[in-house]
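Written out below as structure tokens is the structure these notes cover.
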Amino acid sequence: MTEQAEKVDVVVLGMGPGGEEVAGRLAEAGLETVGIEGKLLGGECPYWGCIPSKMMIRAANLLAETRRVPGMAGTSAVKPDWTPVARRIRDEATDDWNDQVAVDRFTGKGGHFVRGWGRLDGPRRVVVGDSAYEARRAVVVAAGAKPWAPPIPGLAELQGRYWTNRDAIEADALPASLAVLGGGAIGVELGQVFARFGTDVSIVEAADRLLSPEEPESSALVAEVLGKEGLHLHTSARLTGVRHEGGAFVLELEGEAPVTAQHLLVCTGRRPDLTSLNVASIGVDDKARGIPVDGHLRVTDGVWAVGDVTGVGPFTHVSMYQAGIAVADILGQDHAPADYRALPHVTFTDPEIGSVGLSEATARAQGLDVRVGTYPIPSSTRGWIHKVGNEGFIKLVEDTGRGVLVGATSAGPTGGEVLSMLTLAIHAEVPVEQLRGMILAYPTFHRAVEAALTDLAS
Ligand SMILES: Cc1cc2nc3c(=O)[nH]c(=O)nc-3n(C[C@H](O)[C@H](O)[C@H](O)COP(=O)(O)OP(=O)(O)OC[C@H]3O[C@@H](n4cnc5c(N)ncnc54)[C@H](O)[C@@H]3O)c2cc1C
């Protein structure tokens, strides 16, 4: 144990979206707050996650729109060029300048910023290099998660050679071909982007469908769209080995021809590194998938955790929601405990897949008396007008016992935006009968919700 520890009110370990929010708000509240960050202040989301990936998606969607021009608004499409995308990401997202702005913002609130990799040293103590901090009020662990790769023969040996999300985001040039390992949200989003720019993309997924936690209808829709766009999809894939030979990655699949590609992007999930954080020193099992927290984000006396490190949901909005609760708890303010019933998330493929709450299968597995209503977007007036690129649907899951929605999916050209009214309905437990009485503007995409509510009744 390091001898002399500096005593402060709060130590925040990891300054991604969750940590930055906690540390900034506690510093603003007048607590002496130290924020520790090993890399860039802001975390994964602004540099290698949500923001740059959505910049890439915005560019790829523009290309897709130009391909929809012939027959709708003209005769020709635009030739793809990756250069402006790479430049925009370099200049506006993965730029050290953003880190300095964030540091200035935090110190401007009265926070004390420390650059370095810290680790817990018992409750209320954090060590960074030769320094140690002891927190009078709280230690908040907000150290996020790292890419995780499955134990496939040959894969570990290729670490550093294959791409993670960071390499894909920082790609200056397009690969001729790309094998994406993992058909979850990140895999399908990035796979569609690269394919739209001209890369020959294969997605290899162990589950029997892409986006396996989503409704089966969402998986089928995304598979259909990606298939039409020329991606090669391998679901239920049993990967027996990976190697790099002759300048290419070779993925050996049981019962199928091998997939060969210039680059391999591994998107098989992210897990916290609890061993490096030394969570054992606060009594937490470092083999766990996340730091267990209660509804107030407390781990143990004097220690809170927020964000991806908790394993609750790998989303920026979860980390910031949890941050708000932890801040209130640390400040001793009245607050409601965390409630994830209406947790939304969006897969930003084109069409977007927005979903909130329980899937039909999960609701049934929980023993709820379930009724389902669906409606295809192309059959709605707005979908029909939109024509090419109108794929999507609304699916509602009702708990008939209580007469409220407990889950919903909104897939379509603006699926993530349409989701907001469904999130509100679930969050506020608005009775389905009351939703039916709403006036929804014509002809919008969200008006398809009305038709799905009608289907619910039939
Ligand atoms: C490609 C991609 C796309 C994504 N898109 C979306 C999206 O569209 N919407 C969405 O909601 N989410 C998205 N996410 C997820 C989102 O980025 C994360 O959920 C979010 O960043 C989690 O925030 P966090 O604060 O918990 O952790 P992080 O953002 O991971 O931040 C943790 C910080 O802690 C630092 N740290 C770790 N260990 C230590 C240590 N020992 N000492 C000091 N510092 C440490 C890390 O360097 C990091 O900066 C995406 C992720 C990826 C990879």
Side-chain angles (χ1 to χ4, degrees), residues 11-24 34-58 89 93-94 98-99 102-103 113-121 126-129 131 133 139-148 163-170 180 182 184-191 193 265-279 290-291 293 297 305-323 326 343-349 352-354 416:
V11 180
V12 179
L13 185 52
M15 292 282 277
E20 186 179 4
E21 180 77 3
V22 170
V34 170
I36 302 169
E37 171 55 54
K39 186 87 175 160
L40 299 180
L41 202 161
E44 203 68 17
C45 175
Y47 303 105
W48 302 284
C50 331
I51 292 177
S53 65
K54 267 80 244 177
M55 286 175 172
M56 292 161 74
I57 287 165
R58 164 82 177 129
I89 288 173
T94 59
N98 290 324
D99 169 73
V103 171
F113 181 65
V114 175
R115 183 96 56 195
W117 297 104
R119 59 184 192 90
L120 296 160
D121 188 22
V126 177
V127 174
V128 198
S131 307
Y133 297 92
V139 167
V140 183
V141 187
K146 292 178 175 171
W148 175 83
W163 278 5
T164 66
N165 63 295
R166 293 196 174 187
D167 307 287
I169 297 286
E170 290 181 349
V180 180
I186 296 175
V188 295
E189 285 182 4
L190 294 178
V193 166
L265 169 60
V266 177
C267 291
T268 43
R270 300 174 64 81
R271 292 194 187 167
D273 182 356
L274 300 186
T275 308
S276 304
L277 290 169
N278 194 26
V279 295
I291 298 182
V293 286
L297 286 315
V306 301
D308 283 8
V309 80
T310 65
V312 170
F315 306 106
T316 292
H317 45 275
V318 170
S319 71
M320 298 189 74
Y321 171 72
Q322 293 180 328
L343 170 57
H345 39 89
V346 178
T347 300
F348 291 88
T349 39
E352 293 178 358
I353 309 294

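Atoms within a ligand are numbered from 1 in the order they appear, just like the ligands themselves.
- Between the CG atom of L277 and the CD1 atom of I291 there is a distance of 6.0 Å, given to the nearest 0.5 Å.
- Between V128 and ligand 1 there is no heavy-atom distance shorter than 4.0 Å.
- Remark: minimum distance from atom 24 (P) of ligand 1 to any protein heavy atom is reached at P17 CD, 3.9 Å.
- Below 4.0 Å from some heavy atom of H317 lie the following atoms of ligand 1, by number and element: 11 (O).
- Here the CE atom belonging to M15 is positioned 6.0 Å from the CD atom belonging to E20, to the nearest 0.5 angstrom.
- Atom 40 (C) of ligand 1 has as its closest protein heavy atom W117 CE3, 3.5 Å.
- In terms of N/O distances under 3.5 Å, ligand 1 is not approached by N165.
- Figure legend: R270 and W148 shown without cation-pi pairing, the cationic atom not lying both under 6.0 angstrom from the six-membered ring centre and within 45 degrees of its axis.
- The closest approach between a heavy atom of E20 and any atom of ligand 1 is not below 4.0 Å.
- Among protein heavy atoms, atom 19 (O) of ligand 1 sits closest to D308 OD1, 2.9 Å.
- With a heavy-atom cut-off of 4.0 Å, K54 touches ligand 1 through its side chain alone.
- Closest heavy-atom approach to atom 1 (C) of ligand 1 within the set Y47, F315, W48: this belongs to W48.
- For the pair L274/V309, a side-chain contact is recorded, criterion being any heavy-atom separation below 4.5 Å from C-beta on.
- Heavy-atom proximity to G18, at under 4.0 Å, picks out these atoms of ligand 1: 25 (O).
- Between G187, C50, P52, P272, it is C50 that holds the heavy atom closest to atom 4 (C) of ligand 1.
- G14 CA, 3.2 Å is the protein heavy atom nearest to atom 34 (O) of ligand 1.
- Distances from atom 20 (C) of ligand 1 to the heavy atoms of L190, V309, T316 put T316 nearest.
- A heavy-atom distance below 4.5 Å is not found between the side chains of V266 and N165.
- Close contacts between ligand 1 and A143 involve ligand atoms 32 (C), 34 (O), 36 (N), 37 (C), 38 (N) [criterion: under 4.0 Å to a heavy atom].
- The side-chain heavy atoms of V12 and V34, taken from C-beta on, include no pair separated by under 4.5 Å.
- Here the protein heavy atom with the shortest distance to atom 30 (O) of ligand 1 is G144 CA, 3.5 Å.
- Distance from atom 44 (N) of ligand 1 to its nearest protein heavy atom, with residue and atom name: G38 N, 3.1 Å.
- Between D273 and R119, no side-chain nitrogen of the basic residue sits less than 4.0 Å from a carboxylate oxygen of the acidic one, so the salt-bridge criterion is not met.
- Atoms of ligand 1 lying under 4.0 Å from any heavy atom of G118, numbered from 1 in the order shown and given with element: 40 (C), 41 (N), 42 (N), 43 (C).
- Looking at F348 next to ligand 1, no N or O pair under 3.5 Å apart turns up.
- Counting heavy atoms from C-beta on, the side chains of L120 and V139 come closer than 4.5 Å.
- With hydrogens left out, the protein atom closest to atom 2 (C) of ligand 1 is G49 CA, 3.4 Å, a heavy atom.
- No more than 12 heavy atoms of other residues, nucleotides or ligands shown are found within 6.0 angstrom of NZ on K39.
- Distances below 4.0 Å separate heavy atoms of E44 from the following atoms of ligand 1: 21 (O), 28 (P), 29 (O), 30 (O).
- Assignment of S276 to the shell around ligand 1 is not supported, since no heavy atom sits closer than 4.0 Å.
- Remark: ligand 1 atoms within the under-4.0 Å shell around heavy atoms of L277 are 41 (N).
- Interface atoms of ligand 1 facing S53, defined by a heavy-atom separation under 4.0 Å, are 3 (C).
- In this structure, S319 and V306 have side chains that are not in contact, with every pair of non-hydrogen atoms separated by 4.5 Å or more.
- When non-hydrogen atoms are compared, ligand 1 lies under 4.0 Å from the backbone of A142 (N, CA, C, O) but not from its side chain.
- The side-chain heavy atoms of I36 and V11, taken from C-beta on, include a pair separated by under 4.5 Å.
- Here the heavy atom of the protein found nearest to atom 31 (O) of ligand 1 is G16 CA, 3.2 Å.
- At least one heavy atom of I186 sits closer than 4.0 Å to an atom of ligand 1.
- Not a single heavy atom of G313 lies less than 4.0 angstrom from ligand 1.
- Looking at R270 next to ligand 1, no N or O pair under 3.5 Å apart turns up.
- Less than 4.0 angstrom separates some heavy atom of G307 from each of these atoms of ligand 1: 26 (O).
- The shell of residues lying under 4.0 angstrom from ligand 1, judged by heavy atoms, includes E37.
- Rounding to the nearest 0.5 angstrom, the gap separating the OG1 atom in T347 from the CD1 atom in I186 is 9.5 Å.
- Residues E37 and W117 bring no donor and acceptor atom of their side chains to less than 3.5 Å of each other.
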(message) I'd like to know whether V103 forms a side-chain contact (heavy atoms from CB on, under 4.5 Å) with R115, so could you lay out the CA-CA distance, the side-chain angles of the two residues, the decisive distance to 0.1 Å, and finally the verdict.
(response) CA-CA 10 Å; V103 171; R115 183 96 56 195; 4.0 Å; yes
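- Taking 4.5 Å as the limit, some side-chain heavy atom of L343 sits within range of a side-chain heavy atom of H317.
- From R166, atom CZ reaches atom OH of Y47 across 11.0 Å, with rounding to the nearest 0.5 Å.
- By the 4.5 Å heavy-atom criterion applied to side chains, M56 and I89 are counted as neighbours.
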